[in-house]
Each structure stands twice: as structure tokens, then as C-alpha cells.
Amino acid sequence: MSAIVFKIHSDFYYVKNSDGIEFECKMRDVLKKRHVDICVGDFVELSEDKNFIIERKERFNALLRPHVANIDCAVIVCSLKEPELNLIQLNRYLTYLKYFNIEAMVCFNKLDLDTSSHKEINEIYENLGYKTFFTSAKNKSGIHEIKKNIKDKTIVLCGMSGVGKSTLLNALMPYANAKTANVSKGNLKGRHTTRHCEIKEYDDFKIVDTPGFSCLKFDFLLPNELIDLFDDLKVYKNNCKFSDCLHNSKEKGV
Ligand code: GDP
């Protein structure tokens with residue numbers, strides 16, 4: 001029987017079949033010996049007694065951090081205020097997702113704290129092909145627009161802690177009960193409140209609830225590969241005089 005892994009707790013894998021029936025399983029030793037890695041979002045095959053995972057199906061994509069597989073789309077949540085909008089972090093998330101070939105949408109949250117015009121920011125990201133949303137998760141505004149765009153999809157919410165991911169999750173899925181944390185006054189960065197990865201389902205969409213991850217590491221990427229992740233820059237790559245150029249401002253003659 002086929003199933004999808006929706007939660008993992010130490011050695012236990014919580015899976016759901018196509019009828020929505022849940023099972024608690026362990027991984028067959030033979031998979032452990034082969035170092036098969038199983039994460040939330042993986043499609044798996046179960047033993048007849050449904051106690052074991054005996055096979056992991058091929059993934060169509062997978063993220064490293066958070067470690068989740070088979071995602072249709074990622075919504076990057078940023079806050080306009082508290083913490084201040086951080087476009088460098090947003091661009092890092094976009095780059096990260098592009099590397100893993102995962103469609104990205106951008107949600108600018110806490111609109112109630114910043115009612116100035118966001119036309120310019122919106123144009124930048126929409127012109128790059130990203131769908132954008134402006135929300136106040138706290139006041140539940142802009143939520144319907146997101147729901148329209150994630151219909152029938154399994155999505156992941158990502159972004160720095162304190163930007164409102166858990167509040168947004170609760171607004172999108174009123175019964176999800178994700179814990180939210182007050183942004184700490186000292187550095188206005190917020191605190192982690194989600195401790196493990198879990199796929200939560202609502203009418204016609206699924207959300208992978210993940211712990212906040214504030215620091216993205218690009219240790220899997222060589223510096224000279226980075227330009228390929230920027231469509232607007234890579235057109236200049238072949239005009240460069242030096243084949244090993246990193247196209248940054250420290251290098252002369254680029
Ligand atoms: P997470 O760490 O990204 O999951 O952030 P949380 O959802 O825990 O939110 C951090 C803090 O920001 C909490 O105090 C929330 O009440 C607050 N918050 C979340 N969304 C909004 C919003 O749209 N407007 C305002 N004013 N506060 C928000």
C-alpha cells in the first residue's frame with residue numbers, strides 16, 4: 001500500500017494512505033542499512049501489516065533545510081515591520097528555492113504595521129515572475145488571495161522567525177493551532193515556536209509546517225554556480241572576459 005509521510009518523531013513515521021487513514025510505522029532495517037533517507041513529504045510503500053516502510057518512491061524534489069520532499073510551491077513569508085523588511089534574506093530564500101527547483105511565491109506580512117505604498121517592491125518581484133501577496137495574518141486580510149493560489153498544492157511556508165508564519169498558518173487553517181510567539185523586544189527577531197516538520201491538510205491544500213530557519217547555508221553550491229540562479233544576471237555571464245569570474249564588485253575588469 002502506498003502512503004505519504006506527514007510527520008516524523010524520532011524513529012516513528014506517521015503516514016497517511018489515499019483514503020486518509022493514518023498509520024504509525026518504522027523503517028525496515030534493510031532501508032536503514034542502505035542509508036535511505038526518508039523525510040516528510042516522501043511517498044512510501046508499506047509492508048502488508050502496515051507496520052513498516054519498505055520502500056521510498058522517487059522524489060520530484062526535496063529541500064535540504066527544512067528537509068521535506070515533493071513540494072509544489074514555497075511561500076516565503078517576510079514581515080514589512082517588526083522585524084524590518086529584509087530583502088537580502090528574501091533574495092537568499094528565492095535563490096535557495098531556485099536551486100532546488102521549487103516554485104516560490106512571496107508573502108509580505110504585517111501590512112497593518114506599514115500602510116505605506118509597496119508598489120515598487122511589488123513590481124520588482126512580480127517582474128521577476130514571482131506571485132506576491134500583501135497580508136496581515138493578524139487581521140486575516142489577504143488570506144483569501146493566498147488560498148486561491150495554493151489550491152490543490154502542497155506548500156511550505158518559509159521565512160525568518162518572527163515574520164508571522166505560524167499566525168499565517170492559523171489564518172489559512174483555522175484549526176491548525178500553530179503556536180505563535182511574541183517578537184522579543186530586544187532584537188525584534190521573534191522566537192522559534194514550531195519544533196518539528198508536519199504536513200497539515202485543509203479543504204483543498206496542504207501545508208508543511210516547519211521550524212523557522214533564520215540562517216540559510218549555501219554550502220552545497222560553488223561560488224561560480226551562483227550566477228546561474230539569477231535569471232537577470234546570467235545573460236551577462238558570457239560577456240565576461242574571465243571564464244572563472246565570480247562577477248562580484250571585488251573583481252576588476254568585469
Ligand atoms: P513565526 O516565528 O514566523 O512563526 O511568527 P509568529 O506567527 O509566531 O508571529 C510572531 C509575532 O508577530 C507574534 O506576536 C504575532 O502575533 C505577530 N504577528 C504575526 N502576524 C502579524 C501581522 O500580520 N500583524 C501584526 N501586527 N503582528 C503579527
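Counting starts at 1 for both ligands and their atoms, following the listed order.
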TODO: Count the heavy atoms of every other residue, nucleotide or ligand shown that sit under 6.0 Å from CG of Asn101, and state whether that count exceeds 12.
DONE: no
Task: Qualifying residue for side-chain contact (heavy atoms from CB on, under 4.5 Å) with Ile71, from Ile155, Ile102, Leu97 - done: Ile102
Open item on the list: Under 4.0 Å from a heavy atom of Asn109: which atoms of ligand 1 are those, numbered in the order shown and with their elements?
Closed with: 20 (N), 21 (C), 23 (O)
Open item on the list: Suppose we screen for side chain to side chain contact (heavy atoms under 4.5 Å, CB included). Which residues come up paired with Val30, at least two apart in sequence or across chains?
Closed with: Arg28, Arg34
Open item on the list: Using a 3.5 Å cut-off on N or O atoms only, is Ser161 in polar contact with ligand 1?
Closed with: no
Open item on the list: If we set the cut-off at 4.0 Å for heavy atoms, which region of Leu113 has an atom near ligand 1: side chain, backbone, both, or neither?
Closed with: side chain
Task: Enumerated ligand 1 atoms positioned under 4.0 Å from heavy atoms of Ser136 - done: 23 (O)
Task: Nearest-option assignment for atom 5 (O) of ligand 1, heavy atoms, candidates Gly159, Gly164, Cys158 - done: Gly164
- [ ] Return a yes/no value for Gly162: is any of its N or O atoms, backbone included, closer than 3.5 angstrom to an N or O of ligand 1?
- [x] yes
Open item on the list: For ligand 1, which is the ligand I care about here, please tell me if Lys110 has any N or O atom under 3.5 Å from one of the ligand's N or O atoms.
Closed with: yes
Open item on the list: So, applying side-chain contact (heavy atoms from CB on, under 4.5 Å) with Val106, which one of Leu90, Val77, Val75 is it?
Closed with: Leu90
TODO: Have a look at Leu80, Thr167, Asp209 and point out the one with the heavy atom closest to atom 7 (O) of ligand 1.
DONE: Thr167
Open item on the list: Tell me which one of Glu22, Glu201, Lys200 satisfies side-chain contact (heavy atoms from CB on, under 4.5 Å) with Phe6.
Closed with: Glu22
- [ ] Below 4.0 angstrom from a heavy atom of Met160, which ligand 1 atoms are there? Numbered from 1 as shown, please.
- [x] 3 (O)
Task: Within reach of ligand 1, part of Glu82 (heavy-atom separation under 4.0 Å) - done: neither
- [ ] Determine whether the aromatic ring centres of Phe134 and His118 lie less than 6.0 Å apart.
- [x] yes
Open item on the list: Which label fits Tyr14 and His9: parallel for a plane angle under 30°, tilted from 30 to 60°, or perpendicular past 60°?
Closed with: perpendicular
